[in-house]
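Each remark here refers to the structure printed beneath this line.
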Amino acid sequence: MLLRDARGIWGTLDLLRGQDRPPFDDQDVRRAASLTPALLATIRSYVKAGPLAPQSAAPAPGVFIVGADHTIRTATPPARAWLDMIRERQPNPSWTSEPFMAGMAIKAREYARDPHNPRPLCVGPSAGYGHWMVCQAEPLDDGSQDVAIIIQAAAGEHLLTCFSDWYELTRRERQVLAHLRDGLSRKQIARRLELSMHTVSDFLKAIHRKTGATGRDQLLAALIP
């Protein structure tokens with residue numbers, strides 16, 4: 001099931017039950033859904049407690065090819081490097097990556113059939129993956145049912161949007177942060193947003209408080225991979 005609040009979808013909750021147990025029913029689903037606020041609060045606390053900026057260089061962009069049977073057919077060396085890094089940080093069973101890849105492939109095919117469906121996109125936080133990470137899926141245009149899943153370090157609007165949402169920045173705080181990322185000084189930001197320098201300073205203080213950043217350099221290290 002999806003973990004969702006007013007800001008959007010934050011993750012998934014996968015429930016497993018032994019083969020000798022009955023299937024999940026509607027009551028089980030409602031009970032699991034009632035846990036969403038507590039789970040989201042816990043996940044957010046975990047993400048915000050991690051290092052603000054990556055501690056090492058990210059692997060190069062990688063590609064997985066998922067076949068019509070939803071299994072990974074092949075992967076480039078950088079894609080394997082991403083998996084190794086994630087598994088090092090999250091010592092989950094090796095099979096946990098397979099349902100994620102299968103789900104991305106299914107959503108990619110649904111989007112290809114009907115663009116009104118959401119485009120498959122997943123942006124993960126640095127605390128869980130070592131880097132802000134983005135996964136996108138596209139069906140191959142070769143007549144097969146194969147899907148290419150691209151995994152790479154998040155950047156640009158993907159990173160800014162995800163970062164701002166996890167740290168609960170307001171619309172104005174995000175605008176200030178975007179201009180800061182683009183190299184504008186506090187005076188230039190004030191002029192661009194038609195605000196006083198004092199107001200911009202207040203927004204920057206709020207951003208530092210919410211993210212735990214000690215200054216401009218640490219924020220830029222988090223936002224410019």
Side-chain angles (χ1 to χ4, degrees), residues 1-17 23-55 82-83 85-93 95-104 106-108 110-111 117-137 149 151-178 203 206-213 218-219 222-223 225:
M1 62 175 289
L2 297 177
L3 302 177
R4 182 198 308 265
D5 69 1
R7 287 175 176 258
I9 297 172
W10 295 95
T12 61
L13 175 63
D14 298 320
L15 303 176
L16 304 178
R17 177 166 281 178
F24 291 109
D25 57 23
D26 291 343
Q27 184 176 359
D28 292 322
V29 173
R30 287 193 296 271
R31 188 180 297 115
S34 70
L35 300 174
T36 296
L39 288 172
L40 290 179
T42 301
I43 294 171
R44 192 185 296 280
S45 297
Y46 168 71
V47 170
K48 294 170 73 172
L52 190 64
Q55 304 299 297
W82 275 101
L83 271 189
M85 183 181 69
I86 293 169
R87 287 170 179 167
E88 182 179 344
R89 296 183 61 87
Q90 301 182 19
N92 299 322
W95 57 263
T96 56
S97 60
E98 296 172 5
F100 172 79
M101 296 294 180
M104 290 287 286
I106 291 170
K107 291 298 182 183
E110 290 177 354
Y111 178 79
N117 290 311
R119 181 184 289 272
L121 171 71
C122 176
V123 183
S126 179
Y129 304 104
H131 291 269
W132 293 89
M133 176 198 74
V134 60
C135 281
Q136 296 171 282
I149 298 178
I151 181 171
Q152 60 189 322
E157 284 305 306
H158 284 151
L159 176 53
L160 179 64
T161 298
C162 189
F163 183 92
S164 299
D165 284 346
W166 276 110
Y167 287 98
E168 301 181 273
L169 303 186
T170 66
R171 181 180 65 86
R172 272 301 199 191
E173 289 165 357
R174 174 181 165 175
Q175 290 176 333
V176 169
L177 188 59
F203 281 131
I207 293 169
H208 291 158
R209 184 182 70 254
K210 291 180 178 181
T211 63
Q218 193 176 23
L219 276 175
L223 291 171

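Note: hydrogens, waters and symmetry copies are ignored here, and every other heavy atom, side chains too, is used. Treat the numbers as computed from the prediction; the structure is a model and nothing was measured.
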Nearest 0.5 angstrom please: Ile106 CD1 to Asn117 CG, how far?
12.5 Å
Identify the two heavy atoms, one from Gly212 and one from Gln218, that lie closest to each other, and give their separation to 0.1 Å.
O-OE1, 4.0 Å
Scanning both residues in full, the closest heavy-atom pair of Ala154 with Leu159 reads O-CD2, 3.6 Å
Qualifying residues under side-chain contact (heavy atoms from CB on, under 4.5 Å), relative to Thr161, sequence neighbours excluded
Glu157, Asp165, Arg174
Under the 3.5 angstrom rule, does the side chain of Glu168 hit a backbone N or O of Trp166 as a donor-acceptor pair?
no
Between the CG atom in Leu223 and the CH2 atom in Trp132, the distance rounded to the nearest 0.5 Å is 9.0 Å
Would His158 and Gln136 count as a side-chain contact (heavy atoms from CB on, under 4.5 Å) here? Give the steps.
CA-CA 11 Å; His158 284 151; Gln136 296 171 282; 3.9 Å; yes
Supply the atom-to-atom distance Arg209 CZ to Ile207 CD1, rounded to the nearest 0.5 angstrom.
10.0 Å
Quick check: closest heavy atoms across Cys135 and Met104, and the distance to 0.1 Å?
O-CE, 3.5 Å
Side chains of Gln175 and Phe203 in contact at under 4.5 Å (non-hydrogen atoms)
no
Where Ser126 and Pro51 come nearest, the two heavy atoms and their spacing:
OG-O, 4.4 Å
Residues forming a side-chain contact (heavy atoms from CB on, under 4.5 Å) with Asp25, sequence neighbours excluded:
Gln27, Asp28
What's the verdict on side-chain contact (heavy atoms from CB on, under 4.5 Å) for Leu52 and Phe163, showing C-alpha distance, side-chain angles and the deciding distance?
CA-CA 10 Å; Leu52 190 64; Phe163 183 92; 3.7 Å; yes
Give the minimum heavy-atom separation between Thr170 and Glu173, together with the two atoms involved.
N-OE1, 2.9 Å
How about Lys210: does its NZ atom have over 12 heavy atoms from other parts shown lying under 6.0 Å from it?
yes
When every non-hydrogen atom of Ala153 is compared with those of Val134, the smallest separation belongs to O-CG1, 4.1 Å
Under the side-chain contact (heavy atoms from CB on, under 4.5 Å) test, residues paired with Arg119 that sit two or more places apart:
Tyr111, Glu138
So how far is it from Ile151 CD1 to Met101 CE, rounded to the nearest 0.5 Å?
5.5 Å
